[in-house]
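So the structure is just underneath, and the comments pick up after that.
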Amino acid sequence: MPSSISWGLLLLASLSCLAAGSLAEDAQETDASKPDQEHPACHKIAPNLAEFALSLYRVLAHESNTTNIFFSPVSIATALASLSLGTKADTHTQIMEGLGFNLTEISEADIHQGFQHLLQNLNKPNSQLQLTTGNGLFIDHNLKLLDKFLEDVKNLYHSEAFSTDFTNTDEAKKQINTYVEKGTQGKIVDLVKDLNRDSILALVNYIFFKGKWEKPFEVDHTKEEDFHVDQVTIVRVPMMNRMGMFDLHYCSTLASWVLQMDYLGNATAIFLLPDEGKLQHLEDTITKEILAKFLKNRESSSINLHFPKLNISGTMDLKPVLTRLGITNVFSDKADLSGITEDAPLRVSQALHKAVLTIDERGTEAAGATFLEMMPMSLPPEVKFNRPFLVVIIEHSTKSPLFVGKVVNPTKP
């Protein structure tokens with residue numbers, strides 16, 4: 001029985017628009033005065049990340065149409081790409097193809113450089129967004145990693161390396177969970193609940209995101225309203241309300257309303273509200289080209305928007321999900337991870353992913369004064385996100401999908 005690599009992929013996203021004091025005001029001025037910089041290296045992999053995001057979403061949506069979905073394609077792809085540095089033969093090919101890369105069209109060097117630039121850009125200091133990612137490599141103190149793998153994973157993926165005693169499973173779990181809890185500012189605790197006794201390596205990835213709406217909602221306007229989970233199930237949710245100018249239009253191709261809401265900084269949330277009975281159509285029809293078109297062609301219109309406050313999470317075992325995308329060998333005795341160590345044959349025994357999404361009203365403190373808008377004399381149309389909808393959060397400078405999800409029931413954690 002071969003020893004196993006325990007690979008844990010962890011994620012947290014917090015999309016709370018908190019008080020202005022939580023982000024430095026001078027950072028807003030500094031970033032606002034600088035033009036956006038182009039990062040061609042990460043732009044090369046952006047289409048692949050978008051395609052991977054939608055492929056992963058469809059696998060999850062196919063498994064259940066009654067549960068919330070939330071995950072970070074960027075985070076999962078980053079962990080897989082960093083793992084690929086230590087894989088060979090079919091194991092390596094499956095990961096690259098599963099991520100949507102054709103090595104006859106893009107070189108491996110370009111792929112890894114793309115991820116390197118992506119992580120550098122997402123972790124830039126003084127941003128108007130709080131956005132940090134982290135990669136941790138927990139190595140059994142008796143295991144000798146190959147120098148090239150250790151060097152590449154540190155340089156390209158900014159991984160921190162920690163010596164771990166996996167024979168003491170309780171201490172090993174505590175060490176990993178403390179790292180994740182600290183990196184996610186206390187939002188994820190005790191993520192790793194079980195650890196195989198034969199584990200000798202754990203790859204951990206997290207992402208933390210906190211953004212403030214460019215146009216926040218007034219807390220006083222939030223009232224309880226109905227949310228139609230399905231044709232027979234209605235739940236009561238706190239529904240935010242704001243009358244103003246929004247980037248909203250109807251897409252007949254998707255049979256959906258498309259709402260784009262910007263964060264201060266470099267990110268936009270795209271919310272897609274399908275017509276009654278058209279959720280499956282939306283999931284089957286949406287493409288990365290359609291999403292790119294939305295971001296390029298934007299128009300503001302006057303509406304009365306109702307949008308639910310929510311706090312949902314997504315926890316998944318990645319093994320069956322990635323297997324559906326053709327990434328199989330790495331989880332079996334066929335795994336070739338000889339680029340990581342020559343001490344023992346390895347395979348991935350655990351692949352965990354958790355994401356948390358919080359959306360509320362708050363933004364800048366000067367909301368009333370800052371966001372005065374000219375409104376037409378007639379009452380604007382009312383748009384209510386009171387039935388299941390999709391969300392995609394895009395970071396503009398890297399053109400990458402940070403998060404993808406579906407809100408089926410806002411009252412379910």
For [X] and [Y], indicate whether the former's side chain and the latter's backbone hold a donor-acceptor pair under 3.5 Å.
X: N409; Y: T67; value: no
X: S64; Y: T66; value: yes
X: D360; Y: K309; value: no
X: H221; Y: M240; value: no
X: N135; Y: H158; value: no
X: Q116; Y: N155; value: yes
X: E395; Y: S397; value: yes
X: K154; Y: A161; value: no
X: S84; Y: H92; value: no

To the nearest 0.5 angstrom, please state how far the [atom1] atom of [X] sits from the [atom2] atom of [Y].
X: S55; Y: R324; atom1: OG; atom2: CZ; result: 11.5 Å
X: D333; Y: R347; atom1: CG; atom2: CZ; result: 6.0 Å
X: D275; Y: L282; atom1: CG; atom2: CG; result: 10.0 Å
X: D110; Y: H117; atom1: CG; atom2: NE2; result: 10.0 Å
X: L99; Y: I327; atom1: CG; atom2: CD1; result: 5.5 Å
X: L145; Y: I139; atom1: CG; atom2: CD1; result: 4.5 Å

Would you mind reporting whether [Y] and [X] have side-chain heavy atoms less than 4.5 Å apart?
X: N241; Y: K223; result: no
X: W213; Y: I359; result: yes
X: V408; Y: V229; result: yes
X: N297; Y: E299; result: no
X: H306; Y: N386; result: no
X: V204; Y: V180; result: yes
X: I76; Y: H353; result: yes
X: L390; Y: L279; result: yes

* Check against side-chain contact (heavy atoms from CB on, under 4.5 Å), F403 and V391 -> CA-CA 8 Å; F403 307 101; V391 54; over 6 Å; no
* Please report the C-alpha distance between S301 and H249 in whole Å, then the side-chain angles of each, then the deciding distance to 0.1 Å, and finally whether the side-chain hydrogen bond (donor to acceptor under 3.5 Å, both in side chains) criterion is met. => CA-CA 8 Å; S301 58; H249 74 277; over 6 Å; no
Please give me the minimum heavy-atom distance between [X] and [Y], naming the atom from each residue.
X: G98; Y: F52; value: O-CD1, 3.5 Å
X: N177; Y: V192; value: OD1-N, 2.8 Å
X: P401; Y: V74; value: O-CG2, 3.1 Å
X: A255; Y: K278; value: CB-CG, 4.0 Å
X: R387; Y: P274; value: NE-O, 2.9 Å
X: R298; Y: T268; value: NH1-OG1, 3.7 Å

* Would you say the side-chain atoms of Q94 and D90 include a donor-acceptor pair closer than 3.5 Å? ->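 Judged by distance alone, the side chains do not pair up.
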* S300-D247 side chain donor-acceptor pair, cut-off 3.5 Å ->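 There is such a pair between these side chains.
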Run the side chain to side chain contact (heavy atoms under 4.5 Å, CB included) test against [X] and tell me which residues pass, sequence neighbours left out.
X: S82; result: V153, Y157, L203
X: T178; result: K174
X: E97; result: T93

* Could you walk me through whether F115 and L156 pass the side-chain contact (heavy atoms from CB on, under 4.5 Å) test, one step at a time? => CA-CA 7 Å; F115 277 103; L156 295 169; over 6 Å; no
* Asked: Knowing that exactly one of L337, I340, D140, T164 qualifies, which makes a side-chain contact (heavy atoms from CB on, under 4.5 Å) with L201?
  ->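 By the side-chain contact (heavy atoms from CB on, under 4.5 Å) criterion, L201 pairs with just one of L337, I340, D140, T164: I340.
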* Asked: What do you reckon, is CD of Q231 surrounded by more than 12 foreign heavy atoms closer than 6.0 Å?
  ->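 Counting other residues, nucleotides and ligands, CD of Q231 stays at 12 neighbours or fewer.
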* Asked: Crowded around K319 NZ? As in, over 12 foreign heavy atoms under 6.0 Å?
  ->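 More than 12 within 6.0 Å, yes.
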* With side-chain contact (heavy atoms from CB on, under 4.5 Å) as the test, would you mind laying out the steps for L295 and Q260 before giving the verdict? => CA-CA 8 Å; L295 289 165; Q260 298 185 66; 3.4 Å; yes
* **side-chain contact (heavy atoms from CB on, under 4.5 Å) between I200 and T341, worked out** => CA-CA 11 Å; I200 54 176; T341 181; 5.7 Å; no
* To do: Over 60° means perpendicular and under 30° means parallel, so classify the ring planes of F138 and Y179, tilted if in between.
  =>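 Ring orientation of Y179 relative to F138: perpendicular.
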* Qualifying residues under ring pair (Phe, Tyr, Trp, His ring centres under 6.0 Å), relative to F101, sequence neighbours excluded ->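 F101: no ring pair (Phe, Tyr, Trp, His ring centres under 6.0 Å) contacts found.
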* **Set of ring pair (Phe, Tyr, Trp, His ring centres under 6.0 Å) partners for F307, sequence neighbours left out** =>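 With sequence neighbours excluded, F307 shows a ring pair (Phe, Tyr, Trp, His ring centres under 6.0 Å) to F271, F385, F389, given in chain and number order.
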* With sequence neighbours left out, what residues match E276 under salt bridge (Lys or Arg N to Asp or Glu O under 4.0 Å)? ->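 Expected list: none.
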